[in-house]
Amino acid sequence: MEAVAKLNDCPTSPRKMRLVVDLIRGERVEKALYILKYTNKEAAQRVEKLLLSAIKNWEAKNEGQRPEESELFVKTVTVDGGRQLKRLRPAPQGRGHRIRKRSNHVTIVVDSKNLESQTN
């Protein structure tokens, strides 16, 4: 049984977030948490918190089972672009340059390898 966690309107550009998310895609949950803990990017803290939320959601769905024994892994991670805040920055000779402050939506799906082999 899989569990999902979503983070909407995260104030980081999707490109920066994808750099962090690509590190943990397909990894075991324990290894993914270690990778995120020692990654030196601001987005890693947000993804780590989201991954912990996905693990808790999995525990709530599967009462009586422990994540360590069921070999949880990161099944899918998607980063989609969110809304953009458009601002103007003063430029020379009375002009204004447009600044786009980007945001993103992150979705993590966590699944168990043990349960797949038992149900088949």
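Keep in mind that this is a model prediction, so the values were computed, not measured.
Note that the CG atom of L7 and the CD1 atom of I108 stand 8.5 Å from one another [nearest 0.5 Å]. Rounding to the nearest 0.5 angstrom, the gap separating the NZ atom in K37 from the CD atom in E48 is 7.5 Å. The CG atom of L36 lies 10.5 Å from the CD atom of Q45; values are rounded to the nearest 0.5 Å. Here the straight-line distance linking atom NZ of K113 with atom NZ of K75 works out to 12.0 Å at 0.5 Å rounding. Residue R46 holds its CZ atom at 9.0 Å from CG of N104, rounded to the nearest 0.5 Å. Atom OG1 of T12 sits about 11.5 Å away from atom CG of L19, to the nearest 0.5 Å.
The backbone N or O of A5 sits nowhere less than 3.5 Å from a side-chain atom of S53 that would complete a donor-acceptor pair. Looking only at distances, no side-chain donor or acceptor of K6 sits under 3.5 Å from a matching main-chain atom of H105. Listed for the W58 side chain is a donor-acceptor partner under 3.5 Å among the backbone atoms of M1. Under the 3.5 Å distance criterion, the side-chain polar atoms of T107 are left unmatched by any main-chain donor or acceptor of T78. Looking at R89, its side chain never comes within 3.5 Å of a backbone N or O of I99 through a donor-acceptor pair.
In the hydrophobic cluster analysis, where Ile, Leu, Val, Met, Phe, Trp and Tyr join through side-chain heavy atoms closer than 4.5 angstrom, V4 is grouped apart from V106. Hydrophobic clustering keeps Y34 apart from I55 (ILVMFWY residues linked when any side-chain heavy atoms are closer than 4.5 Å, directly or through intermediates). Clustering ILVMFWY residues whenever any of their side-chain heavy atoms sit less than 4.5 angstrom apart, transitively, puts L52 in a cluster other than the one holding V109. Linking Ile, Leu, Val, Met, Phe, Trp and Tyr whenever their side-chain heavy atoms come within less than 4.5 Å puts V74 and L23 in one cluster.
In plain terms, the two heavy atoms of V77 and V21 that are nearest each other are CG1-CG1, 2.9 Å. Summarising the geometry of A3 relative to N57, their closest heavy-atom pair is CB-C, 3.8 Å, with the distance given to 0.1 Å. Listed here is the closest heavy atom pair of K61 and E2: NZ-O, 2.9 Å. When all heavy atoms of P67 and E30 are compared, the closest pair comes out as O-OE2, 4.3 Å. Shortest non-hydrogen contact noted between G81 and P14 is CA-CG, 3.8 Å.
Counting non-hydrogen atoms of other residues, nucleotides and ligands closer than 6.0 Å to CD of E42 gives a total of 12 or fewer.
At a threshold of 4.5 Å between non-hydrogen side-chain atoms, the residues R98 and K86 count as touching.
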